[in-house]
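Pasting in a structure now, in C-alpha cells, and then I'll have a few things to ask.
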Protein chains: 2
Amino acid sequence: MNEAVALQFPVNIGDASAATGVSAKMIRHYEEIGLIPPANRTQAGYRVYSEADVHMLRFIRRARNLGFSVKQIEGLLGLWRDRRRASSKVKALAQEHIAELDARIREMTEMRHTLEHLASRCHGDDRPDCPILEDLSSGGPADIAQARGTNRRGRHS
Amino acid sequence: MNEAVALQFPVNIGDASAATGVSAKMIRHYEEIGLIPPANRTQAGYRVYSEADVHMLRFIRRARNLGFSVKQIEGLLGLWRDRRRASSKVKALAQEHIAELDARIREMTEMRHTLEHLASRCHGDDRPDCPILEDLSSGGPADIAQARGTNRRGRHS
DNA sequence: CTTGACTTTCCAACCATGGGAAGGTTGAGG
DNA sequence: CCTCAACCTTCCCATGGTTGGAAAGTCAAG
C-alpha cells in the first residue's frame, strides 16, 4: 500500500525525515553539533538532501536504534566513510558499546531483583505495613559508607 | 575505623550530604523542585537539617538507588509519611517501576543481542569488510515504515 | 586578622529529544 | 493574480538528573 512512490532527489528535510525515520528536529540538531556536514541549501535557504545524505541519516538512525551514542556514531561514520578502515576498529567500537549495555543491564537487573524481592513480601492490601518502605526507610543491604562525623572545624571541645 | 563520630543535629548541608550520600547540589535541587520541603535556615542563611531530614534524604537516596524517578519518589515519600497508607499503594508503585525496568532491560538486551550477533561475524582484523557497518549501512531487519513518496504538493504531473 | 573550609545563589553544561512561536517559501486551486 | 495550506527557517524553552564553576558571604581556628 505504502509503495513508497520513489522520491526523487534531492529532497527537502521533511522527505529526508520521512525516508529515514529521523525527525527533522534531529536532522537539524545533528547538523548543528557537527555529526553530519551542513546540508546544501536552496536559494530560499531550504536544506536539501541527496540520496547519499539520506543513506547517511538512515545509518545514523540504525546506529541509534542499537543504542550507540552520538559520540560513538561519530566514530562509526568515520569508519563507514573510510574504505580502508580496519574492521577491528569497528568491532572494538561495537564491543565497547556492548560492554556499556552489559553494565547498564546488570545494574537494572539488580534493581529489579531487589525490588521484586521486596514487593513479593508486601501484602499489598489496606494495611499500612510494608517491607518496601521499611527497607527504604532504614538501611537495606545497600548502604553507602559514612564519613565525616562533624566538620573538621566542629565544635567538639 | 570510620566510627562515624555521631554527628549532632541539626547539621549543615555538608554533613547532611556526607551522612546520606546525597550531594549538597542535589539536596538543594530536591528542595528547589519541591521534592523536600524548604530547609530551616540559620540567621546567616545556612540550611540546617534535623535528624528526620537526614532520614528522609537517606530514604530518597535509597529509592534513587533502586532506580525510582523523582516523580515516583514523591509518591513514595507521601506514603512513607502517611501512617495510614495502604500497602497496596506502595506495592503498586513498586510494580509500576518494575515494569519500567523490565521494559528497559528488554530493550537493551535486544540491542545487545543484535550487536553481539553482528560483532561475532566481524573478523576484527585489518581488512575493511565488516558486517556491522554493512548492517547499519543498509537495512538490517529493524527498519521503519516508509511513508510520503513526495510531498502532497509534489511536482508529479 | 588571616586563612581556609565551609556556605549561599546563579548560570551553564551534559544527552537526545520534543514543543512551539514567528516568519518566509512553495505550489495548487479558485 | 491571490489565497491557503503545507512546508520550511531560526530561536528559545523544557525535559531528567546531575555536575561544574564563579562570586560572594560565614564561621571557627590559629
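Since the model is a prediction, treat every value here as computed from it, not as a measurement. Order of the sequence lines sets the chain letters (A, B, ...), proteins ahead of strands, with each chain counted from 1.
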Working for side chain to side chain contact (heavy atoms under 4.5 Å, CB included), residues A/V70 and A/R64 = CA-CA 8 Å; A/V70 166; A/R64 287 249 35 146; 3.9 Å; yes

Under 4.0 Å: is that the gap between some side-chain N or O of B/R41 and OP1 or OP2 of D/dT26?
-> no

Report the nucleotide, chosen from D/dT19, C/dT25, C/dT7, that has the shortest atom-to-atom distance to any side-chain atom of A/A44.
-> C/dT25

Between A/N65 (CG) and C/dT17 (P), how many Å, whole number?
-> 9 Å

Using atom CG of B/N12 as one end and atom C1' of D/dT26 as the other, report the distance to the nearest whole Å.
-> 10 Å

Expressed in angstrom and rounded to an integer, what is the separation of A/E32 atom CD from C/dC14 atom P?
-> 11 Å

Start at the 5' end of DNA chain D and walk down; is the nucleotide closest to B/R64 or to B/T42 reached first?
-> B/R64

Under the 3.5 Å rule, do the base of D/dG16 and the side chain of B/K71 count as making a donor-acceptor pair?
-> no

Return yes if the base of C/dT25 and the side-chain atoms of A/Y46 contain a donor-acceptor N/O pair under 3.5 Å, otherwise no.
-> yes

With nearest nucleotides of DNA chain D determined for B/V70 and A/V48 from heavy-atom distances, which residue corresponds to the more 5′ nucleotide?
-> A/V48

Per atom distances to the B/S69 side chain, the nearest of D/dT10, D/dG17, C/dC10 is D/dG17

Between atom CD1 of A/I27 and atom CG of A/L35, what is the distance when rounded to the nearest 0.5 Å?
-> 11.5 Å

Indicate the atoms forming the closest heavy-atom contact of A/V22 with A/L57, along with that distance.
-> CG2-O, 3.7 Å

A/Y30 side-chain N/O to C/dT17 phosphate OP1/OP2 under 4.0 Å | yes

Send over the distance from B/I27 CD1 to C/dT9 P, rounded to a whole Å.
-> 13 Å

To the nearest Å, how far apart are B/F68 CZ and D/dG16 P?
-> 17 Å

Measure the spacing between OG of A/S137 and NE2 of B/H55 and express it to the nearest 0.5 Å.
-> 4.0 Å

Counting any heavy atom closer than 4.0 Å, what does A/R47 reach on the DNA or RNA strands: base, sugar-phosphate only, or nothing?
-> sugar-phosphate

If you check the B/K25 side chain, which of C/dG19, D/dT19, C/dT7 turns out closest?
-> D/dT19

What is the distance, rounded to the nearest whole Å, between atom CD1 of A/I33 and atom C1' of C/dA13?
-> 14 Å

Distance below 4.0 Å between A/S23 side-chain N/O and C/dT17 OP1 or OP2 | no

Whole Å only: how far is the CE atom of A/M26 from the C1' atom of C/dG18?
-> 10 Å

Does CG in A/N40 sit with more than 12 non-hydrogen atoms of other residues, nucleotides or ligands closer than 6.0 Å?
-> no

Rounding to a whole Å, what distance do you find between A/H29:NE2 and C/dG18:C1'?
-> 12 Å

